[in-house]
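What follows is one structure encoded as structure tokens, with my remarks underneath.
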Amino acid sequence: MENTNVKDKIIKNMDTVVDNAVIINRRYLDDEQLIHSEQLEVLEEIFNANVRDYEIREISSHFAPILRNDHPMHLALWGKTGTGKTLTICYFLKLFSDICKKRKIPVWIEHLDLSTPRPCFRALNDLACLLNVSRKYKRGVSLEEIMLKIESALAEYYGHFILFIDEVDNVRTDKDNFLAFLIRRLPQAVPSKVILVFASNRINWADNLDPRIKSFLKMNELIFKPYDAVDLQHILKIRVKKALHPKSITPGVIEKIAAMSCYEHGDARRAVVLLSSSAHIAEKNGSRITTETVDHAAQEIERDKYVDMIRTAPVQLQAVMAAVVLCIRKMHKATVDTYSVYDVYKNFCSKASVRCLAIRAFRDLINELDIYTFIRARVISKGRYGRTREIVMDLPSELADKIYNTILLNFQMKK
DNA sequence: TGTCCACAGGAAATACGGGGGT
DNA sequence: ACCCCCGTATTTCCTGTGGACA
């Protein structure tokens, strides 16, 4: 009897979820889950909608000389994150290699991805791996040897060699060395026609380069502007079509997401994230995606940002944040002063076996938390009774708890 | 109006840590 | 393996200050 009841309940519940399905194909809401051909398919549609039309035209005219067997300059792409630098150039290079294949023009295209920072040695090592002349992270090998290996890989190749270096500014130490090799030495050492394509989100990236290299570097520059609302609408519509139930989205939602994203950052990836979490919320509530859902999703993302930020923050900053939360809880007051938080902090440090900083450094950390808007700390004068900083936390208490728990979790991991 | 509290925050000194050279 | 150098984190020291209070 009871069993059937439970069974019925489960079935009924599942049916309602299926009936209310908002998301048909979850994978199209998360780029990382898409396989390569699907990514290209999405890209194709985006570019067909005339998004990044100007940039593609510029890039293609930059590479056009290759078709006449001429040697184009290097190319630099600037633009903030999520403006499609990488996608656009990858898409273009793929098409371009097809064209060249048809016309029997030899091109060799490689994509060196430096999205995580690494020193010169590892960057060159990665390049050598791409060219299949070295295994990963060989230690105890001199830079020179790696360079020679790279040169030997290209020694017999007389065609065009296009090397796309994503996020160049991530080469930390000895950036000069890395670039001197690519820009000056390599083209002279090998018979290939080397064309470098740099992408970076810092426009002044080349400024603090060794002037000798800089003067050698002849390149075209192309700036990717942040997407405008219309572009974002195109991009979002494609995702909606692929991923969502057509009836699950109310009018105006795409426009709203596009407008919000355009106003805040112009980052396509983050716009898709907003769409995705709106869809998830709607599905959980068994409703359609409305503009209110979008607001909720935006709030949730904002919260996650705080939690994420504190999780990856330095240990000391986490400890101070925890102390602030604890202190406000303990005092049952809206505002606390530096010294009472400092006492709680000292206590917390000894419990969590973290080194305790001096008061002066502590003050700076409080300021830092203020800058990141975790707390508000303003100096008030109490006249005869001196001056203090008044510390308030105007995050919702639920979020404060979440932050505090995250920090605790972080400290337990370390023990 | 002047005093003086109790801390803020600047500057200099010092400790620390990572990378490169030998 | 060792040292040196340099940039960053932290400490030590110290001066500055808004306004309540007498």
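Please read these numbers as outputs of a predicted model, since none were measured by experiment. Residue numbers start from 1 in every chain, and the chains themselves are labelled A, B, ... in the order their sequence lines are given, proteins ahead of strands.
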Nearest-Å distance, [atom1] ([X]) to [atom2] ([N])?
| X | N | atom1 | atom2 | answer |
| --- | --- | --- | --- | --- |
| L365(A) | dG9(B) | CG | P | 13 Å |
| D364(A) | dC7(B) | CG | P | 17 Å |
| D370(A) | dA8(B) | CG | P | 13 Å |
| Y339(A) | dA6(B) | OH | P | 11 Å |
| R363(A) | dA8(B) | CZ | P | 4 Å |
| E368(A) | dG9(B) | CD | C1' | 15 Å |
| R378(A) | dG18(C) | CZ | C1' | 13 Å |
| Y342(A) | dA8(B) | OH | C1' | 15 Å |

Of the options dC7(B), dG9(B), dT11(C), whose atoms approach the side-chain atoms of T338(A) most closely?
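The answer is dC7(B), which lies nearest to the side chain.
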
### Query
Which of these nucleotides, dT10(C), dT11(C), dG9(B), is closest to any side-chain atom of Q316(A)?
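Given the options dT10(C), dT11(C), dG9(B), the side chain of Q316(A) is closest to dT10(C).
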
message = Please classify the nucleic acid contact of R355(A) as base, sugar-phosphate, or nothing, using heavy-atom distances under 4.0 Å.
response =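 Sugar-phosphate: the residue R355(A), judged by heavy atoms under 4.0 Å, touches backbone atoms but no base.
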
Just call it for D337(A): base, sugar-phosphate, or nothing, with non-hydrogen atoms closer than 4.0 Å on any strand.
->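 Nothing, no heavy atom under 4.0 Å.
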
Worksheet item: Have S340(A) and D337(A) got a donor and an acceptor in their side chains that come within less than 3.5 Å?
Response: yes

- Message: If we count only N and O atoms by modelled type, under 3.5 Å, do the side chains of Q316(A) and Y345(A) hold a donor and an acceptor together?
- Response: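 Note: Q316(A) and Y345(A) side chains meet the donor-acceptor criterion.
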
Less than 4.0 angstrom between a side-chain N/O of [X] and OP1 or OP2 of [N], yes or no?
| X | N | answer |
| --- | --- | --- |
| R389(A) | dA8(B) | yes |
| S381(A) | dA6(B) | no |
| R387(A) | dC4(B) | no |

### Axial cation check for Y339(A) ring with R389(A), 6.0 Å and 45° limits
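Cation-pi check for R389(A) and Y339(A): fails.
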
Carboxylate-amine/guanidinium contact R303(A) E300(A), below 4.0 Å: no

Checklist entry - Less than 4.5 Å apart, any side-chain heavy atom of W78(A) and any of S200(A)? => result yes

Closest-nucleotide 5' rank along DNA chain B - winner of R384(A) and R360(A):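 Per heavy-atom nearest nucleotide, the more 5' residue is R384(A).
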
_5' precedence on DNA chain C between F362(A) and G386(A) (nearest-nucleotide basis)_ =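 In this pair, the answer is F362(A).
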
